[in-house]
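Residue numbers begin at 1 in each chain, while the letters A, B, ... track the order of the sequences. These numbers come from the heavy atoms of this one structure, side chains and all, not from hydrogens, waters or symmetry mates.
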There are 2 protein chains.
Amino acid sequence: MSLPHAILTALLEKPSSGLELTRRFDKSIGFFWSATHQQIYRELGKLEQSGLIRALPQLPSRGQRKAYEVLPQGRAALVDWIAESQDPKTAREPLLLRLRAAAVVGAPGLAAELERHLALHERQLAEYLEIEERDFPVEKAADENRLQHLVLRAGIGMEAFWIQWLTEALAGPLAVASAGPVPGALTGPAAMPQAE
Amino acid sequence: MSLPHAILTALLEKPSSGLELTRRFDKSIGFFWSATHQQIYRELGKLEQSGLIRALPQLPSRGQRKAYEVLPQGRAALVDWIAESQDPKTAREPLLLRLRAAAVVGAPGLAAELERHLALHERQLAEYLEIEERDFPVEKAADENRLQHLVLRAGIGMEAFWIQWLTEALAGPLAVASAGPVPGALTGPAAMPQAE
DNA sequence: TTATGCATGTAAGTCGTTACATGATTTT
DNA sequence: AAAATCATGTAACGACTTACATGCATAA
């Protein structure tokens, strides 16, 4: 149930139309919770029906843009959600899954993928650092911005972690000892010192 | 499409029944791709119908346990998947969303959540380190285990990152300057230096 | 023989993704 | 007027979650 609350937060920051929200989800909010415009429109409809937001009186300018604002009920729902007890979900990392699979059947082509991911993470880190420099300059470290800055620091830390890990992974051999990529040659299932 | 390949990997490591897979997904594999038994049974059915795995001749012992093994086609499908080009998905971190929401409407109850998460991550890290000590002792750093060890190192690194970040977050003030938790008092939408 | 646990499964609903549809406005 | 773009939306599917159902084996 994160999407509706992400939308409430975005609308509190600034009342917006569906498309404007979509644009904003491509940037800051979407760094930690992406959403397509279809999801957003559907969720806006639900939120309006639930009485948590309402459409602002139409500005009859261009297009049919409908802007929404958060109602007191919506704000209250958001406050409740913040304090809810939610366990961290077990991570879903297809890349690690692929590494583990490569340990069993061989790893041709995997190094290229790791390098590609490394480049992507480096680009993302650069983008985060740019935002930090722009919005949270060292000279004015204010307490009011602390939460926003913490969110950004989390993004920076995660990217830095992946870059370090991928670099370490690419530094050593990726091939597995016995198993080749030959489809027919089944390796023995027994010799797995991996944790179960 | 990660779950079927996670299952193929698990079955290559050791042919198993649905429940055995469920147990194993609660442990090693599930650290990076969790799955419930319902998902697993459904996926086993699909994989069998696709001719990627087959049920082993019944051991008529207790219960109705059906064990599956991977067929050459399944192994080939896994090899292909490893080399596929898959972009890293944008992270989904509800906790960061909640921080961002707290920056807008206030943060009562958030500190308790952060502390709870910190404890959970510390426990998880301890578990990973225990596994590392058991399965990858320093004296026998072999290349054959390198991929499995890398996967585990990723888990360790992620937990370490969260612990560090949460500690840093809890070290400072979490309250937001102006906004209280009062549902009716809407704050101005303008003053957001946050990146958009 | 009831109860408890094991093992496999069905059903329903939500969330997310991909592809397509529609009307309005701006550009050529 | 035709084409491109903007803005909102529908439809269909697949993945995941939660709750429930069933048959079998062992234990009380």
Side-chain angles (χ1 to χ4, degrees), chain A residues 1-8 10-11 15-26 29-30 32-50 53-56 58-68 81 84 86-94 97, chain B residues 1-8 10-11 15-26 29-30 32-50 53-56 58-68 81 84 86-94 97:
Chain A
M1 297 279 291
S2 291
L3 181 55
H5 300 98
I7 291 177
L8 286 174
L11 288 180
S16 306
S17 69
L19 195 69
E20 282 166 350
L21 282 176
T22 305
R23 295 276 144 78
R24 295 171 66 195
F25 268 78
D26 284 343
I29 305 175
F32 305 110
W33 204 274
S34 65
T36 63
H37 76 276
Q38 291 86 345
Q39 281 178 275
I40 288 171
Y41 284 123
R42 210 188 338 184
E43 212 57 56
L44 282 173
K46 284 191 205 169
L47 287 170
E48 189 176 24
Q49 278 202 329
S50 313
I53 65 173
R54 67 159 189 183
L56 284 176
Q58 197 87 354
L59 43 144
S61 64
R62 49 227 253 34
Q64 237 74 337
R65 273 172 35 245
K66 258 190 294 184
Y68 293 91
W81 179 73
E84 257 179 36
Q86 301 174 26
D87 284 348
K89 319 216 73 173
T90 69
R92 303 236 145 162
E93 288 296 341
L97 228 47
Chain B
M1 297 276 290
S2 290
L3 180 56
H5 300 98
I7 292 178
L8 286 174
L11 288 181
S16 306
S17 69
L19 194 69
E20 282 167 350
L21 282 176
T22 304
R23 294 278 144 76
R24 295 173 64 196
F25 268 78
D26 284 342
I29 304 175
F32 306 110
W33 203 273
S34 65
T36 62
H37 76 276
Q38 291 85 346
Q39 281 179 276
I40 288 169
Y41 284 123
R42 206 184 337 172
E43 211 58 56
L44 282 173
K46 283 191 207 168
L47 286 170
E48 190 177 22
Q49 278 202 329
S50 313
I53 64 173
R54 66 159 191 184
L56 284 176
Q58 197 87 354
L59 43 145
S61 63
R62 49 226 251 40
Q64 237 73 339
R65 282 193 2 266
K66 257 191 295 183
Y68 294 90
W81 179 72
E84 258 178 35
Q86 300 175 25
D87 283 349
K89 318 214 76 171
T90 69
R92 303 237 147 161
E93 288 296 341
L97 273 184

Output the rounded distance in Å from CG (L3(A)) to P (dC16(D)). 18 Å
Please confirm whether the shortest side-chain N or O distance from Y41(A) to OP1 or OP2 of dG9(D) is below 4.0 Å. no
Rounding to an integer number of Å, can you tell me how far D87(B) CG sits from dT17(C) C1'? 15 Å
Whichever of H37(A) and S34(A) has the more 5' nearest nucleotide on DNA chain C, that residue is S34(A)
Indicate yes or no for a side-chain donor-acceptor contact from S34(B) to the backbone of G30(B) under 3.5 Å, with no hydrogens or angles considered. no
W81(B): which residues meet the ring pair (Phe, Tyr, Trp, His ring centres under 6.0 Å) condition with it, sequence neighbours left out? H5(B)
Between the main-chain N or O of T36(B) and the side-chain N or O of Q39(B), is there a donor-acceptor pair closer than 3.5 Å? yes
Here the distance between atom P of dC15(C) and atom CG of L47(A), to the nearest Å, is 11 Å
With respect to the side chain of R23(A), which nucleotide from dA7(D), dC15(C), dG16(C) is positioned closest? dA7(D)
Rounded off to whole Å, could you give me the CD1-to-P distance for the I7(B) and dT8(C) pair? 13 Å
What's the verdict on side chain to side chain donor-acceptor pair (under 3.5 Å) for R24(B) and S16(B), showing C-alpha distance, side-chain angles and the deciding distance? CA-CA 10 Å; R24(B) 295 173 64 196; S16(B) 306; 3.1 Å; yes
Of the listed nucleotides (dA15(D), dC15(C), dT8(D)), which one gets closest to any side-chain atom of M1(A)? dC15(C)
What is the distance, rounded to the nearest whole Å, between atom CG of L44(B) and atom P of dG9(C)? 8 Å
Interatomic distance where CD belongs to E43(B) and P belongs to dT8(C) [whole Å]: 16 Å
Among dC16(D), dC15(C), dG16(C), which nucleotide sits nearest the side chain of R42(B)? dC16(D)
Can you name the nearest heavy-atom pair linking L44(B) to L21(B), along with the distance? CD2-CD1, 3.9 Å
Distance, rounded to the nearest Å, where Q39(A) contributes CD and dA11(D) contributes P: 18 Å
Below the 4.0 Å mark, does dT18(C) have OP1 or OP2 next to a side-chain nitrogen or oxygen of Q38(A)? no
Whole angstroms only, please: what is the CG-P distance between D26(B) and dA7(C)? 14 Å
Of dT8(D), dG16(C), dA15(D), the nucleotide closest to the side chain of W33(A) is dG16(C)
When you match Y68(B) and K89(B) each to their closest nucleotide on DNA chain C, which lands nearer the 5' end? Y68(B)
Strictly below 4.0 Å: does R92(B) bring a side-chain N or O up to OP1 or OP2 of dG16(C)? yes
Can you check whether T36(A) has a side-chain N or O nearer than 4.0 Å to OP1 or OP2 of dT18(C)? no
